[in-house]
Amino acid sequence: IAAYDEYSFTGKALLRIGTDVVDTTPPTVTAPDANFRPATQIGTTTTPVSLKVKFTAADASGISATDLEQSVNAAAFGDVPLKTATSTGANVSVAPSNATTRQFRARATDGAGNTSGFATGPLFKVKAIQNGSASIVQTGTWTTESLSSFYGGSVRYASAAGAKQSVTTTMNDAAIVTTKGPNRGKAGVYVDGVLKTTLDLYSSATAYRQVVYAISFPGAATSHKVELRALGTKNASSSGTRVDLDALLLMTP
């Protein structure tokens, strides 16, 4: 039996057996991060919102396998299917709920067969705040329109510049759900009073329940203000300046 020596090389624990150096250190894995996915459509009531859940895995021997798991309401973790054996993310459909907690964890196996422990992300809830909720502060003239195609069956819309709807609360992530269509105008998205983007909501065909903007706040959840403003302007192809607020999506502790 060949004698062996232990070495340290770029932070790796290595085992030398004869002329072979064997990797004995498991991969480094970050905790999974869940975010809203823009350019997607949500359901009409409690049907799913799509989340992008991602993590990183690194090892000098390469990664041969990864695992992603989810726990709902602190129950046992269950497998989340991945597209490939080494995927480091997945699109996960969840139903918004004020009462449902979620948590993701991930691990990886390297090319030498070492498997890491699970890296676990924080507990969070996915909430959908319907327009007209007491949580939303409204400024200017907004009109309610009811239609089964809207989330929760209705939207509030404005066409004049300066009309605003906002929510201020503790959050990790937020997303805006609105309608695109032939008579839709432009809207400004402000976060904590700062303009983040201008949305052009024109579309040749009406598209309901569109996630048109999403933002993530790194670190521990803190209070933020997310606001949608009608600008009273439009794409040259649009017949109007209407801006809808259908719902706001939030991830909260």
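Residue numbers count from 1 along this sequence.
Rounded to the nearest 0.5 Å, atoms OG1 (Thr178) and CD (Gln210) are 9.0 Å apart. Atom CZ of residue Phe124 and atom CG of residue Leu250 lie 13.0 Å apart, to the nearest 0.5 angstrom. In this structure, OG on Ser87 lies 8.0 Å from CZ on Phe55, to the nearest 0.5 angstrom. Atom CG of Leu199 and atom CZ of Arg229 lie 13.0 Å apart (nearest 0.5 Å). Interatomic distance, Ser223 OG to Asp192 CG, rounded to the nearest 0.5 Å: 7.5 Å. Separating the OH atom in Tyr208 from the CG atom in Asp244 is a distance of 9.5 Å, to the nearest 0.5 Å.
Using a 3.5 Å distance cut-off with no hydrogens or angles, the side chains of Asp173 and Ser216 do pair a donor with an acceptor. Under 3.5 Å, the side chains of Thr56 and Thr30 contain a donor-acceptor pair of N or O atoms. Using a 3.5 Å distance cut-off with no hydrogens or angles, the side chains of Arg156 and Gln138 do pair a donor with an acceptor. For the residue pair Arg242 and Ser159, no side-chain donor N or O sits within less than 3.5 Å of a side-chain acceptor on the partner.
Side-chain contact between Lys52 and Phe36: absent, with no pair of heavy atoms (C-beta onward) separated by less than 4.5 Å. Residues Leu249 and Val211 are in side-chain contact: their nearest non-hydrogen atoms beyond the backbone lie under 4.5 Å apart. Residues Thr100 and Lys125 form no side-chain contact, since every pair of their non-hydrogen atoms from C-beta on lies 4.5 Å or further apart. Proximity of Asn114 to Asp23: side-chain heavy atoms (C-beta onward) are separated by under 4.5 Å at one or more points. Side chains of Thr66 and Leu82 form a contact here, defined as non-hydrogen atoms less than 4.5 Å apart. Residues Tyr190 and Val226 are not in side-chain contact: their nearest non-hydrogen atoms beyond the backbone lie 4.5 Å or more apart. Looking at heavy atoms from C-beta onward, Thr170 lies in side-chain contact with Pro253 at the 4.5 angstrom threshold. Side-chain contact between Phe104 and Glu69 is absent, with no heavy-atom pair separated by less than 4.5 Å.
Val29 and Ala57 get closest at one heavy-atom pair: CG2-CB, 4.2 Å. Between Ala90 and Leu68, the shortest heavy-atom distance links the atoms CB-CD2, 4.1 Å. Annotation for Lys127 and Ser97: closest pair CG-O, 4.2 Å, computed over non-hydrogen atoms. When all heavy atoms are compared, the tightest approach of Ala99 to Asn73 is O-OD1, 3.5 Å. Between Val191 and Lys196, the shortest heavy-atom distance links the atoms CG2-CG, 3.6 Å. Residue Pro26 comes nearest to Asp110 through the heavy atom pair CA-OD2, 4.3 Å, listed as atom of the first residue, atom of the second, then distance.
A distance-only check finds no donor-acceptor pair linking the side chain of Gln70 to the backbone of Arg102 [under 3.5 Å]. Panel note: side chain Ser238, backbone Asn235; no donor-acceptor pair is recorded below 3.5 Å. Checking side-chain atoms of Asp67 against main-chain N and O of Asp79 turns up no donor-acceptor pair under 3.5 Å. Put simply, the side chain of Asn131 gets close to the backbone of Asp246: a donor and an acceptor are under 3.5 Å apart. Between the side chain of Thr109 and the backbone N or O of Gly113, no donor-acceptor pair lies under 3.5 Å. A distance-only check finds no donor-acceptor pair linking the side chain of Lys180 to the backbone of Tyr202 [under 3.5 Å].
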Chi angles and distances behind the side-chain contact (heavy atoms from CB on, under 4.5 Å) call for Asn35, Arg37: CA-CA 6 Å; Asn35 305 112; Arg37 295 178 62 221; over 6 Å; no
Arg184/Tyr157 under side-chain contact (heavy atoms from CB on, under 4.5 Å): CA gap, chis, key distance, verdict: CA-CA 10 Å; Arg184 264 50 174 197; Tyr157 69 89; over 6 Å; no
Chi angles and distances behind the side-chain contact (heavy atoms from CB on, under 4.5 Å) call for Val126, Leu51: CA-CA 10 Å; Val126 175; Leu51 305 181; 4.1 Å; yes
Residue pair Thr139, Gln165: steps toward the side chain to side chain donor-acceptor pair (under 3.5 Å) verdict: CA-CA 6 Å; Thr139 303; Gln165 296 216 38; over 6 Å; no
Criterion salt bridge (charged side-chain N to carboxylate O under 4.0 Å, His left out) on Asp33 and Lys54, from CA distance to verdict: CA-CA 5 Å; Asp33 186 25; Lys54 56 186 177 180; 5.5 Å; no
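Figure legend: cation-pi geometry between Arg105 and Phe118, with NZ or CZ positioned under 6.0 Å from the six-membered ring centre and within 45° of its axis.
Counting non-hydrogen atoms of other residues, nucleotides and ligands closer than 6.0 Å to NZ of Lys225 gives a total of 12 or fewer.
Hydrophobic clustering places Leu245 together with Val243 (ILVMFWY residues linked when any side-chain heavy atoms are closer than 4.5 Å, directly or through intermediates). Residues Met251 and Ile129 fall into different hydrophobic clusters, defined by Ile, Leu, Val, Met, Phe, Trp and Tyr side chains chained together at heavy-atom separations under 4.5 Å. One hydrophobic cluster, built from ILVMFWY side chains closer than 4.5 Å, cannot hold both Tyr151 and Tyr213; they sit in different ones. With hydrophobic clusters built from ILVMFWY side chains whose heavy atoms lie under 4.5 angstrom apart, Val80 shares a cluster with Val94. Hydrophobic clustering (ILVMFWY, side-chain heavy atoms < 4.5 Å, transitive): Leu228 and Phe217 are in one cluster.
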